[in-house]
Amino acid sequence: MFYNVNIARPGIILPKLILCCVLVLLAPISQNVSAEEPKSTLSLTTVLERVKQQHPSLKVFKFRQLALDGEAHTQALTPGYEIGFDVDNVAGSGEYQGVDSAEFSVSLSSVIELGDKLEARSGMVNEKRALLEAEQKIAALSLLGEATRRYIDVLAAQSQLELAADSLILAEETLTVVKSRAEAGVTPDAEVKRAQAAVFNARLVAETQLHQHDYAKLALSMMWGESNVNFESLEGSLFEFTDDVALAPLFEKVKYSPAIEAYLTQAQLKEAELRFAQTQSSADVSWSVGVKQMQQTSDMALTAGFSVPLFSGDRNSGAVISAQAAKDEVLINREVALLELYAQLYRAYASRKQATVTVNRLQTSVIPTLTLALEDTQKAYEQGLYSYLDYLTAREELLFSRRALIDAAASALRYGVDIEQLIAEPLSASQHTFFRDFQGFPK
């Protein structure tokens, strides 16, 4: 969802050398990565490739596929054969004492399946494969979406850290101005102490932001199973968005998202289970053939027989009703899920639109105006025309607007990820999005 484009940050621009110095002063408090570990800059494509290759939740589908292979092998088997041995007229009384009047029988038996049971069983396994593929797509889509959100969190943390460094330098500059006025006898010492406290507070905020930055990087690293951070920064900008698209086409695309397609696949599985239940209403024919030997006469004879269960259809009617109800329930659940996705899509769409409007207005109007206002207020304060409170208020208003800009930009990107995840398509064909990296699933 990001371009690797360098964009000048609005407001007071912090020189790179000064920023590096501030971060060096704050760096000792970071405990997540040792100084000896290699550093690098990661792109979103690299992050998502690591997640796809290393996240354990995607590896389980390989074993589930193997389990289905075993089930398919079992369900493709035809009824087996049985061999039987019977002894009659043994250990009786009278002329049937001993084994002189015994009759020995050896038989071979099996079952003839009727009603296309083999095809129905194979059909169930095939539908299970289709459902597994749909579930894998949903899992991959959700996982890559979460990785992209954490990527955005790191970008936002990077911007917040730079803003905290700006705030610290601005507080120190203010302290210098206040001290100069105090030395000239036009400012009370209390204002100097307040300016010093502002510096201490800005330093504390910078340290806090550094910790948050470290945590966001660690949370991203955990997406590919690493507990140590092995990168320094991320590529991308918080302030690049695609153009708004109409809501109606997005609603239409939700119908074909993997989440909804999974319900259709599940309905097809239930249909296969219904067909299998219906085949059980057809009675199977059990048959047997064998040879019987009469011990008294030493004669031999062939034997044959078959059996068919009675009233199989009536006894199986309950299973058919249950299978039909399960299929109907899935279709109803699909309608419910579709309504929920519509609500989620509208909420994400409206929130993203508001966030982008906020970013544009802050960038083009609010922050440039507040920047000029701070410069004018500082000059007026140095000339004794404004009070320290006026100077402090102008500075805090600018910093507040810049924080709001970062928050709004990060929110716009996150809502964009939500939309892409719901429709399973990128918002723009020309935009680098997490969904582009999703296209290989399932492999």
message: Using salt bridge (charged side-chain N to carboxylate O under 4.0 Å, His left out), reason through Arg414 and Asp153 one step at a time and then give a plain yes or no.
response: CA-CA 9 Å; Arg414 292 189 190 102; Asp153 291 342; 2.7 Å; yes

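- Proximity of a side-chain donor or acceptor of Tyr415 to a complementary backbone N or O of Ala348 within less than 3.5 Å is not detected.
- One finds the CG atom of Leu398 at 10.5 Å from the OG1 atom of Thr369 (value rounded to the nearest 0.5 Å).
- Residue pairs meeting the salt bridge (charged side-chain N to carboxylate O under 4.0 Å, His left out) criterion with at least one partner in residues 65-78, sequence neighbours excluded, are Asp69-Arg129, Glu71-Lys128.
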- prompt: Between Ser57 and Leu143, does a side chain to side chain contact (heavy atoms under 4.5 Å, CB included) hold up when you go through it step by step?
  reply: CA-CA 9 Å; Ser57 67; Leu143 186 63; 3.7 Å; yes

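- Under the 3.5 Å distance criterion, the side-chain polar atoms of Ser167 are left unmatched by any main-chain donor or acceptor of Leu163.
- Counting heavy atoms from C-beta outward, Val357 and Arg361 have side chains that approach closer than 4.5 Å.
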Side chain to side chain contact (heavy atoms under 4.5 Å, CB included) evaluation trace for Leu341 with Ser257: CA-CA 10 Å; Leu341 290 182; Ser257 68; 4.1 Å; yes

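- For Tyr81, the OH atom is loosely surrounded, since the number of other residues' heavy atoms within 6.0 Å does not exceed 12.
- Among all heavy-atom pairs drawn from Lys353 and Thr356, the shortest one is O-OG1, 2.7 Å.
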query: What's the verdict on salt bridge (charged side-chain N to carboxylate O under 4.0 Å, His left out) for Arg352 and Asp418, showing C-alpha distance, side-chain angles and the deciding distance?
result: CA-CA 10 Å; Arg352 178 182 180 272; Asp418 292 342; over 6 Å; no

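- Here the CG atom belonging to Leu405 is positioned 4.5 Å from the CD1 atom belonging to Ile367, to the nearest 0.5 angstrom.
- Here the closest non-hydrogen pair linking Glu113 and Leu118 is OE1-N, 4.0 Å.
- No side-chain heavy atom of Val154 sits less than 4.5 Å from a side-chain heavy atom of Leu42.
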Derivation of the side chain to side chain contact (heavy atoms under 4.5 Å, CB included) call for Glu273 and Gln268: CA-CA 9 Å; Glu273 292 176 352; Gln268 292 171 355; over 6 Å; no

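- Applying the ring-ring contact (aromatic ring centres under 6.0 Å, His included) criterion to Phe251, with sequence neighbours excluded, gives Tyr342.
- Applying the side-chain contact (heavy atoms from CB on, under 4.5 Å) test to Ser43 and every residue at least two apart in sequence or in another chain returns Thr45, Thr46, Glu235.
- Residue Leu155 holds its CG atom at 15.0 Å from CZ of Arg150, rounded to the nearest 0.5 Å.
- Looking at Ser401, its side chain does come within 3.5 Å of a backbone N or O of Glu397 through a donor-acceptor pair.
- The number of heavy atoms from other shown groups lying within 6.0 Å of CD (Gln65) is above 12.
- A distance of 4.5 Å separates OH in Tyr151 from CG in Leu234, rounded to the nearest 0.5 Å.
- Between Ile260 and Val254, the shortest heavy-atom distance links the atoms CG1-O, 3.5 Å.
- In summary, the side chains of Arg149 and Gln421 do present a donor paired with an acceptor at a separation below 3.5 Å, with no hydrogens or angles considered.
- With rounding to the nearest 0.5 Å, the separation of CD in Gln75 from OG in Ser122 is 7.5 Å.
- Under a cut-off of 6.0 angstrom, the local environment of CD in Glu82 is sparse, with at most 12 non-hydrogen atoms contributed by other residues, nucleotides or ligands.
- Considering all non-hydrogen atoms of both residues, Ala157 and Ala216 come closest at CB-CB, 4.2 Å.
- Among Leu210, Val205, Leu204, the single residue meeting the side chain to side chain contact (heavy atoms under 4.5 Å, CB included) criterion with Glu207 is Leu204.
- Counting only distance, with no hydrogens or angles, the side chain of Lys117 and the backbone of Thr279 share a donor-acceptor pair below 3.5 Å.
- A donor atom on one side chain and an acceptor atom on the other are found under 3.5 Å apart for Gln53 and Glu49.
- Leu144 has its side chain within reach of Lys52: a pair of non-hydrogen atoms, C-beta onward, lies under 4.5 Å apart.
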Worked check of side chain to side chain contact (heavy atoms under 4.5 Å, CB included) between Gln160 and Arg403: CA-CA 7 Å; Gln160 292 285 6; Arg403 291 189 192 98; 4.1 Å; yes

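- Looking only at distances, no side-chain donor or acceptor of Arg275 sits under 3.5 Å from a matching main-chain atom of Ala120.
- Annotation: side chain of Arg334 is not in contact with side chain of Glu329 (no heavy-atom distance under 4.5 Å).
- Under the 3.5 Å distance criterion, with hydrogens and angles disregarded, a donor-acceptor pair is assigned to the side chains of Ser233 and Thr41.
- Contact of the Leu218 side chain with the Glu226 side chain is not registered, since no non-hydrogen atoms from C-beta on lie closer than 4.5 Å.
- No side-chain donor-acceptor contact under 3.5 Å links Lys270 to the backbone of Val330.
- Between Leu168 and Val199, the closest side-chain pair of non-hydrogen atoms falls below 4.5 Å.
- Using a 4.5 Å cut-off on side-chain heavy atoms (C-beta onward), Thr303 and Val289 make no contact.
- The NZ atom of Lys327 lies 12.0 Å from the CD1 atom of Ile332; values are rounded to the nearest 0.5 Å.
- Pairing each heavy atom of Ala410 with each of Ile152, the nearest pair is O-CG2, 3.8 Å.
- Judged by distance alone, with hydrogens and angles left aside, the side-chain atoms of Thr74 form a donor-acceptor pair with the main-chain N or O of Gly70 at under 3.5 Å.
- Annotation for Ala272 and Glu127: closest pair CB-CG, 3.9 Å, computed over non-hydrogen atoms.
- Side-chain contact between Trp287 and Ser110: present, with at least one pair of heavy atoms (C-beta onward) separated by less than 4.5 Å.
- Taking the six-membered ring for Trp and thresholds of 30 and 60 degrees, Trp224 and Phe231 have ring planes inclined between 30 and 60 degrees apart.
- A salt bridge between Glu135 and Arg64 is present, with a side-chain N of the basic residue lying under 4.0 Å from a carboxylate O of the acidic one.
- For the residue pair Asn333 and Gln266, no side-chain donor N or O sits within less than 3.5 Å of a side-chain acceptor on the partner.
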